[in-house]
Amino acid sequence: MPEGHTIHRLAADLRKDFVGQPVTANSPQGRFSESAAIFDGELMLKSEAWGKHLFCHWESGNILHIHLGLIGKFRKVDEETPPRDTIRLRLVNKSAMWDLTGPQTCALIVQEDLETVISNLGPDPLRIGLRGLGKFKRGLASSKKPIGAALLDQSLLAGIGNVYRAELLFLCGIHPETPCNRINEDDAEALWDWTVKLLRRGKRLNRIVTIQEEDKENISSKSKKRNNSLYAYKRAGLDCRRCPSEIVISKLAGRSIWHCPNCQGKND
DNA sequence: TACATATGATCAT
DNA sequence: TGATCCTATGTAA
């Protein structure tokens, strides 16, 4: 679940449910009890996302910093949901209840700490939009890493994860091993444009959908049931949606990556 | 019941 | 590069 679109959507949903009326906070699991007690009963003033980081600001000036990591979830639950001991944090008010489980980070910090966190992040496409292109291009130009590794580097751009990196490279026709500094102007611009577009779509739909209208008709009725929203991610051995080749899987920056050997030209 | 896996990141070697 | 942390889910045994 958690790439940048998820976190921005979360920030917006939490804002809707909690900003404006006092929030009860506790830690059924116990591991966050002391900190939760500090802002328990306060007003949430603001809820925002930077890349994959979520920040909820409280009256006292304290800030709840959450990073979901690989397996974390922060979800709205029914008021009868039992307080299981995997729930790190539970937020409640009159109209809503949310449970946080398995976060990589859940900490109470102050503004200065927040600034340190975001100073280590590259441009966030969902905050800066198309205006972030310049920064992104400079980041690419100064790196020799394979683009497939760079896209996961949150200090180059903030919010992309393993699904989007495979899909972005497919849509731009770029081989994952291409060194960043060999990506030309047009490709860099296309990468940034698609990133902004796809993250916005993901936030709106609350899930990752990269498939384009013109490719929908090429999806055989056989596979119509599932897995129809992506081009490359987890599609090893299946037909490319745009040519007769098969999608191949490889490893890059310690994670699996998928690409079409025909549509995503080999780098030399 | 056990194990593999997951849209992440850090720390040790 | 590999081990590690956190939790839930699906599949194998």
Side-chain angles (χ1 to χ4, degrees), chain A residues 1-11 27-33 35 49-55 64-77 81-90 98-107 109 113 116-122 124-126 145-146 148-171 176-177 194-195 198-211 225-236 247 249-259:
Chain A
M1 283 207 64
E3 295 193 29
H5 68 297
T6 303
I7 313 306
H8 279 265
R9 175 59 179 261
L10 256 177
S27 176
Q29 179 189 63
R31 289 174 57 173
F32 195 59
S33 294
S35 298
W50 281 91
K52 298 173 189 171
H53 297 259
L54 173 68
F55 300 102
L64 174 65
H65 174 210
I66 290 170
H67 190 297
L68 293 179
L70 184 59
I71 62 174
K73 296 213 160 50
F74 201 2
R75 51 198 154 186
K76 192 168 184 171
V77 296
T81 308
R84 299 182 193 291
D85 65 5
T86 55
I87 300 170
R88 184 78 57 89
L89 172 67
R90 171 171 276 186
W98 286 69
D99 284 346
L100 171 70
T101 58
Q104 175 170 106
T105 304
C106 175
I109 63 172
D113 306 310
T116 303
V117 172
I118 65 177
S119 71
N120 291 316
L121 296 175
D124 176 346
L126 285 175
K145 284 200 281 200
L151 289 177
L152 292 183
D153 180 351
Q154 302 299 300
S155 66
L156 176 74
L157 86 170
I160 293 306
N162 209 26
V163 179
Y164 280 121
R165 83 158 165 171
E167 297 299 302
L168 285 166
L169 292 173
F170 178 89
L171 282 164
E177 297 283 354
W194 276 112
T195 301
L198 293 182
L199 280 172
R200 282 179 178 165
R201 189 181 190 186
K203 181 184 175 189
R204 182 160 38 87
L205 299 176
N206 211 3
R207 73 189 188 101
I208 301 175
V209 178
T210 61
I211 204 89
K225 279 222 147 130
R226 33 173 261 179
N227 230 17
N228 277 343
S229 49
L230 304 174
Y231 288 98
Y233 180 77
K234 275 196 173 172
R235 294 195 72 247
I247 301 295
I249 183 172
S250 55
K251 211 96 169 180
L252 187 47
R255 318 273 311 267
S256 294
I257 187 166
W258 297 260
H259 77 280

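So you know, we letter chains A, B, ... as the sequences are listed, proteins then strands, and number each from 1.
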Any A:Gln104 side-chain N or O less than 4.0 Å from OP1/OP2 of C:dT4: no
Check every strand shown and say whether A:Glu167 touches a base, only sugar-phosphate, or nothing at a heavy-atom separation below 4.0 Å. nothing
Between P on B:dT7 and CG on A:Leu168, what's the gap in Å once rounded to a whole number? 15 Å
Under 3.5 Å on both distances, the Watson-Crick or G-U partner of C:dT1: B:dA12
B:dG8 P sits how many Å from A:Asp153 CG, rounded? 13 Å
C:dT7 C1' sits how many Å from A:Phe32 CZ, rounded? 18 Å
Whole-Å gap separating P (B:dT7) and CG (A:Asn206): 18 Å
Across the strands shown, which category fits A:Arg84 at heavy-atom distances under 4.0 angstrom: base, sugar-phosphate, nothing? nothing
Interatomic distance, A:Leu100 CG vs C:dT7 C1' [rounded to whole Å]: 11 Å
d(NZ, A:Lys234; C1', B:dA6) in whole Å: 6 Å
A:Thr86 side chain near C:dA8 phosphate (N/O to OP1/OP2, under 4.0 Å): yes
With side chains defined as the heavy atoms from C-beta onward, is the minimum distance between A:Lys145 and A:Leu156 less than 4.5 Å? no
Just the rounded figure in Å: distance from P of B:dG8 to CG of A:Leu121. 14 Å
Distance col, row A:Leu199:CG vs A:Ile7:CD1, nearest 0.5 angstrom, shows 11.5 Å
Classify the nucleic acid contact of A:Arg31 as base, sugar-phosphate or nothing, counting any heavy atom under 4.0 Å across all strands shown. sugar-phosphate
Can you tell me how the ring of A:His53 sits relative to the ring of A:His65, calling it parallel under 30°, perpendicular over 60° and tilted otherwise? parallel
Partner nucleotide of C:dA8 by Watson-Crick or wobble geometry (both distances under 3.5 Å): B:dT5
